[in-house]
Amino acid sequence: MNESESIIGQIVEGSVNNIVKFGAFIKLPNGEVGLVHISEISKDFVSNIEDHLSVNESVKVKVVSRNPQGKLELSIKQIESPASL
């Protein structure tokens, strides 16, 4: 496992870099930018991301995975409450 993969599964604090229709890009302390998809922002339904996040806001995220394109996939929802089956 290389150093960039060791971040997977960790909870880190980042800064909202950009907000788009489908999610928010978060800049992490290591300089990488990952995406929190709109479905991973809150356990409640999110129709407008800007009701939950704003640019430059500091936010805690869980680093869920790295997609096949090498981009980090993040979640805020997974920190809010444990996943229940």
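Computed from a prediction, not measured in an experiment: that's the story for all the values here.
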*Can you measure from OG (S58) to CG (L53) and round to the nearest 0.5 angstrom?*
11.0 Å
*To the nearest 0.5 Å, how far apart are CD in E57 and CD1 in I26?*
8.5 Å
_Pairwise distance NZ(K77) to NZ(K62) - rounded to 0.5 angstrom_ = 12.0 Å
_In this structure, would V59 and I19 fall into the same cluster of hydrophobic residues linked by side-chain contacts under 4.5 Å?_
yes
*Check V64 against S75 and note the closest heavy-atom contact, atom names and distance.*
CG2-CB, 3.6 Å
_Non-hydrogen atoms of F25 and V20 that approach each other most closely_ = CE1-CG2, 3.8 Å
*Mind checking side-chain contact (heavy atoms from CB on, under 4.5 Å) for E73 and listing every partner two or more places apart, or none if nothing turns up?*
S65, N67
_Using 0.5 Å steps for rounding, measure from the CG atom of L35 to the CG atom of N17._
11.5 Å
*asked:* Between V61 and L28, does the side-chain contact (heavy atoms from CB on, under 4.5 Å) criterion hold? Intermediate values first, please.
replied: CA-CA 9 Å; V61 295; L28 303 180; 3.9 Å; yes
*State yes or no: do V36 and V16 share one hydrophobic cluster built from I, L, V, M, F, W and Y residues joined by side-chain heavy-atom distances below 4.5 Å, directly or via other members?*
yes
*Are V46 and I76 grouped together when hydrophobic residues (ILVMFWY) are joined by side-chain heavy atoms under 4.5 angstrom apart?*
yes
_If I take atom CZ from residue F45 and atom OG from residue S39, how far apart are they, to the nearest 0.5 angstrom?_
10.5 Å
*Verdict with reasoning, V33 to L72, per side-chain contact (heavy atoms from CB on, under 4.5 Å)*: CA-CA 7 Å; V33 175; L72 288 176; over 6 Å; no
_To the closest 0.5 Å, what do you measure between CG (L74) and CD1 (I41)?_
11.0 Å
_Flag, side chain of E40 to backbone of H37, donor-acceptor distance under 3.5 Å_ = no
